[in-house]
Every structure is written in structure tokens, then in C-alpha cells.
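Notes to accompany the following structure.
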Amino acid sequence: MTTPPSTLDTLGRPVRDLRISVTDRCNFRCVYCMPKEVFGRGYRFMDRKELLSFEEIERLAGAFVVHGVEKLRITGGEPLLRRDLDVLIERLVGLGNLDVALTTNGALLPQKAGSLVAAGLERVTVSLDSLDDDTFRSMNDVGFPVTRVLDGIDAAAAAGLKVKINAVVKRGVNDDQVVALARHFQGTGHILRFIEYMDVGATNGWRLDDVVPAAEIVSLISAELPLEPAEENYRGEVARRFRYADGSGEIGVIASVTQPFCGDCTRSRISAEGRLYTCLFATKGHDLRALVRGGADDAEIHATIGRIGGRRTDRYSEERSSRTAELPRVEMSYIGG
Ligand code: SAM
Ligand code: SF4
Ligand code: SF4
């Protein structure tokens, strides 16, 4: 079969970055992502047979690679809850010439970092919103101690993984942790990135007042640990980079709410049950699992991915302020961030 060309969407954007959710389950109940009131005992998570198998994930990922995807991000829910995840990582790394990384809450890294590295994983992003134990426990809402995530970060680094740290900042909840987090990771080589709290999903009760703008985060840090802007690593990098003036490293801020970057958005997402979403705020996905399980051949899969990519018009964050009607949206734990 001839290789299809990399498809550009209606705004001239290719797809370069594919996020694959491997489970909708999580061992945390972060208040901004899976609030307990919604994701409680009665919540129906996907059955195992509904999840894409490793073979199906590998096949779809391979098709996206043909369409120009260069980065794969394994996410969830909590991806380390998926049994034998290292086997999937090994298969995806085996697709070749790809930057494969994992986004995790870090809780299971002490047990799993070694096998992930053995499978060929090189990078991990660990979500950590606070160093203060009480704040951290109340944000993850299952009372998980911060020291165990810090142990997970250490285990990942000791196993040879490059580590990034993601912190979502919510006004009045953990904005007092911004400088502490910066100090803690300064000079460690782990890049810390602050993410504006986003209005994903429909369950977290998001309000604009809860968002701490990236510019404010940078000023808070810079007042104590002087920062200067750094250049983009590549076009379309979503995190704005700042380096410490004393040369002790860098931080990033992801200003999805206050400075949206849809014009450069080259991401797509596949949910754990195989639906393709071309935007974090998409209202409905395209059922790739039905295609794969229905016996589609490679040409059909390629054509479908190309067609969906070519029709993509998403620019939700840029349009956010002009939206008045609330549309139904998928949850972050379903689509993977
Ligand atoms: N469980 C893994 C973790 O927490 O890293 C992976 C999945 S989680 C959905 C991926 C990322 O989305 C995490 O860094 C999390 O902090 C972020 N996230 C979840 N809800 C968010 C929200 N409302 N606004 C901004 N980021 C959010
Ligand atoms: Fe779980 Fe990650 Fe969502 Fe927290 S942010 S509830 S760890 S999926
Ligand atoms: Fe991309 Fe949608 Fe986010 Fe815009 S709102 S940056 S199109 S995922």
C-alpha cells in the first residue's frame, strides 16, 4: 500500500501528537477531574471487553504514525492501573522513530518504573499539584500522601526516565504551593509545568474565578526566583518556557484558558474504548473501535483517519469567551488530558 500523505485540517494543522487513554479508571479522585460525587460507588466504568486491546491500540497508533504522528502519550484515567502496560509500551516503542511518553499520577511508579524502562520508555510526566500533604490529600480526595508521589518521581529518575512534573493550579486551593513547587524542583533537572485549570468535562464545577492565569504564576515565581523567557523548543509547543536567571533550570506554563493556542494545536486523542476526539472539548468522538472490530483493512482505517483529520475545525479555547450555550463535553478522565 502507498503511504498516505500527512493530512492537514481546515485550519492547515497536521496531527503530530496522539494521546491514547488506556483506562477510564483511576485510584485518585482529583477534585478538578473525577469528583467523588460523580465518580463514586455507583459510577459505571468501562468493562474490560470495551477497552481497546493492545493489538488494536498498536494498529491504530501505527496508522496515525503513517499520517504524521511523531509523539504518543499514554494516559487515562490512571494508565498504570492497566495490566501489563509495559507490554503495550514495548509494542508502541517498536513502531519506531517515535517519542513515547506516559502521563501518570505517580502512585504506582515505585513498583513499575523499572519494567517501563525495560520496555523502552524514556519519559514520564508526573502530575503533582502540591507539596503540602494536607492540600495534596484533599486534592486527590483519596488521602494519598504526597511523599509517595515524591517517591514515585525518585524511582522514575533512578530507573533512568526523564521526568516532567505537571501541576494544575486552582485559586484558593493550591496557588500557595506554586513557589514551593518551583523551589523543590529547581536544579533537579525535572521540568515543572503549571497548567491553568480548565473547563473540561461537565462535572468539576469550573468557574473562571478559579483559574490562576499563567502570567500570575510566572510573576509569583519570578518575585522570588527570577525568571526570563526562553525560546520555543519547536513550533507549536504548548508550554511557554521560562528559565531561571541563575541557570538552575526552567519551568513551563500552559495557558490554555488565558492564552489559547488552538492555531498550533496538532493533537488528537483516542479514548480507552477507541473513540477519536480531535479536541479536548469535543462533544462527540469517532468510533475507531467499530471500524477495527468490524474488519476494516488498513486502507479503510487510513482513509477514515485522513477524512476525520481533514475535516477538523476545532478551536474551542479560542472561541471559549464567545460561547454562551453549554454543550455536553467528555470528561478529562475519559479522554486523558
Ligand atoms: N492520571 C494521570 C495523571 O493524573 O497524570 C493521567 C490522566 S490526567 C486526566 C492527565 C492530566 O490532566 C493531569 O496532569 C491532570 O492534572 C490534568 N487535568 C485533569 N483535569 C484537569 C483540568 N480540569 N484542568 C487542567 N488539567 C487537568
Ligand atoms: Fe486520576 Fe489523573 Fe484525573 Fe487525578 S487527574 S483523577 S490522577 S485521571
Ligand atoms: Fe486543541 Fe481543542 Fe485545546 Fe484548541 S481547545 S488547543 S483545538 S484541544
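In each ligand, atom 1 is the first atom listed, and ligand 1 is the first ligand listed. Keep in mind that this is a model prediction, so the values were computed, not measured.
A salt bridge does not link Asp141 to Arg29: none of the charged nitrogens lies less than 4.0 Å from a carboxylate oxygen. With salt bridges taken as basic N to acidic carboxylate O contacts below 4.0 Å, one links Asp17 and Arg19. Using a cut-off of 4.0 Å between Lys/Arg side-chain N and Asp/Glu carboxylate O, Arg207 and Asp210 are scored as salt-bridged. Comment: Arg171 does not engage Glu196 in a salt bridge, judged by the lack of any side-chain N to carboxylate O separation of less than 4.0 angstrom. The pair Glu232-Arg240 does not meet the salt-bridge criterion, since no charged nitrogen lies less than 4.0 angstrom from a carboxylate oxygen.
Every atom of ligand 1 with a heavy atom of Asn166 under 4.0 Å away is listed here by number and element: 14 (O). Near Thr75, meaning under 4.0 Å from one of its heavy atoms, ligand 1 places the atoms 6 (C), 7 (C). Atoms of ligand 1 lying under 4.0 Å from at least one heavy atom of Glu78, given by number and element, are 1 (N), 2 (C). Atoms of ligand 3 lying under 4.0 Å from at least one heavy atom of Cys279, given by number and element, are 2 (Fe), 5 (S), 7 (S), 8 (S). Within ligand 1, the atoms closer than 4.0 Å to a non-hydrogen atom of Cys33 are 19 (C), 20 (N), numbered from 1 in the order shown. Counting the atoms of ligand 2 from 1 in the order shown, those under 4.0 Å from a heavy atom of Asn105 are 7 (S). Numbered from 1 in the order shown, with element, the atoms of ligand 1 that lie under 4.0 Å from a heavy atom of Glu196 read 25 (C). Atom numbering of ligand 2 starts at 1 in the shown order; those under 4.0 Å from a heavy atom of Phe28 are 6 (S), 7 (S). Less than 4.0 angstrom separates some heavy atom of Asn105 from each of these atoms of ligand 1: 2 (C), 3 (C), 5 (O). The Phe281 neighbourhood of ligand 3 comprises atoms 5 (S), with distances under 4.0 Å to a heavy atom of that residue. Ligand-side atoms of ligand 1 in range of Gly76: 7 (C), 9 (C), range being under 4.0 angstrom from any heavy atom. Within ligand 2, the atoms closer than 4.0 Å to a non-hydrogen atom of Gly77 are 8 (S), numbered from 1 in the order shown.
Annotation: atom 3 (Fe) of ligand 2 to nearest protein heavy atom, Cys33 SG, 2.4 Å. Among all protein heavy atoms, the one lying closest to atom 26 (N) of ligand 1 is Val168 CG2, 3.4 Å. Nearest to atom 8 (S) of ligand 3 among the protein's heavy atoms is Leu280 N, 3.3 Å. Scanning the protein heavy atoms around atom 20 (N) of ligand 1, the nearest turns out to be Tyr32 CD1, 3.3 Å. Ranking protein heavy atoms by distance to atom 1 (Fe) of ligand 3, first place goes to Cys265 SG, 2.4 Å. Annotation: atom 4 (Fe) of ligand 3 to nearest protein heavy atom, Cys262 SG, 2.3 Å. Looking only at heavy atoms of the protein, atom 9 (C) of ligand 1 is closest to Met332 CG, 3.5 Å. Taking atom 10 (C) of ligand 1 as the reference point, the nearest protein heavy-atom neighbour is Gly336 O, 3.6 Å. Of the protein's non-hydrogen atoms, the one nearest atom 23 (N) of ligand 1 is Met198 O, 3.1 Å.
The shortest N or O to N or O distance between Thr125 and ligand 1 is not under 3.5 Å. Ligand 1 has a nitrogen or oxygen under 3.5 angstrom from a nitrogen or oxygen of Ser127. Of the polar atoms of Thr104, at least one N or O is found under 3.5 Å from an N or O of ligand 1, judged by distance alone.
Taking the side chain as every heavy atom from C-beta outward, Thr75 and Val22 never approach each other to under 4.5 Å. Within the 4.5 Å cutoff, no side-chain heavy atoms of Tyr32 are placed close to those of Val173.
Separation of atoms CD1 (Ile89) and CG (Leu85) is listed at 4.5 Å; rounding is to 0.5 Å. Ser21 contributes atom OG, which lies 11.0 Å from atom CZ of Arg269 (distance to the nearest 0.5 angstrom). One finds the SG atom of Cys30 at 6.5 Å from the CG atom of Asp129 (value rounded to the nearest 0.5 Å).
Contact annotation: for Cys26 versus ligand 2, heavy atoms closer than 4.0 Å belong to the side chain alone. Contact annotation for Thr103 and ligand 1: heavy atoms of both the backbone and the side chain come within less than 4.0 Å of the ligand.
In this structure, Phe144 has its ring center at least 6.0 angstrom away from the ring center of Phe136.
When the heavy atoms of Cys30, Ser333, Gly106, Ser127 are ranked by distance to atom 6 (S) of ligand 2, first place goes to Cys30.
Residue contacts with ligand 2 do not include Gly76, since none of its heavy atoms lies under 4.0 Å from the ligand. Put simply, part of Gly77 is less than 4.0 Å from ligand 1, judged by heavy atoms. At a 4.0 Å cut-off, at least one heavy atom of Arg269 sits close enough to ligand 3 to count as contact.
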Quiz item: Does the side chain to side chain contact (heavy atoms under 4.5 Å, CB included) test come out yes or no for Gln186 and Leu192, once each step is laid out?
Solution: CA-CA 8 Å; Gln186 187 181 22; Leu192 171 63; over 6 Å; no
Self-check item: salt bridge (Lys or Arg N to Asp or Glu O under 4.0 Å) between Arg73 and Asp99, worked out
Solution: CA-CA 8 Å; Arg73 297 287 176 263; Asp99 172 9; 3.3 Å; yes
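For Gln111, the CD atom is densely surrounded, since the number of other residues' heavy atoms within 6.0 Å is greater than 12.
In the hydrophobic clustering of this structure, Val69 does not group with Leu11; members are Ile, Leu, Val, Met, Phe, Trp, Tyr whose side-chain heavy atoms approach within less than 4.5 Å, directly or through other members. The hydrophobic cluster containing Ile270 does not contain Phe45, counting ILVMFWY residues as joined when their side-chain heavy atoms lie under 4.5 angstrom apart, directly or transitively. Tracing side-chain contacts under 4.5 Å through hydrophobic residues (I, L, V, M, F, W, Y), one never reaches Met332 starting from Val38; they form parts of separate clusters.
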